[in-house]
Amino acid sequence: MSNNKTPMTPQAAARIQSATAQKGNVAKGSFAAKAQSAAAKNSGGGKKGGK
């Protein structure tokens with residue numbers, strides 16, 4: 001396994017989700033959903049804890 005720590009980008013997540021969606025629905029908890037969540041967090045669009 002690689003030790004590459006490249007952050008997930010929105011573009012990469014979109015490619016993953018698109019490829020998954022062509023096979024059917026993107027299920028909650030799937031790799032595609034997790035990639036989309038990671039991309040949102042890395043781009044500053046994720047939910048942040050706080051008040």
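All values reported here derive from a predicted model rather than from experimental measurement. All residue numbers in this chain count up from 1 along the given sequence.
Nearest heavy-atom pair across A27 and S30 is O-OG, 2.8 Å.
Every residue two or more places apart in sequence or in another chain that forms a side chain to side chain contact (heavy atoms under 4.5 Å, CB included) with A13 is listed here: M8, A35, Q36, A39. Considering only residues two or more places apart in sequence or on other chains, T9 meets the side chain to side chain contact (heavy atoms under 4.5 Å, CB included) condition with Q11, A12. Take A14 and apply the side chain to side chain contact (heavy atoms under 4.5 Å, CB included) test, not counting sequence neighbours, and it matches no residue.
The backbone N or O of I16 sits less than 3.5 Å from a side-chain atom of T20, completing a donor-acceptor pair.
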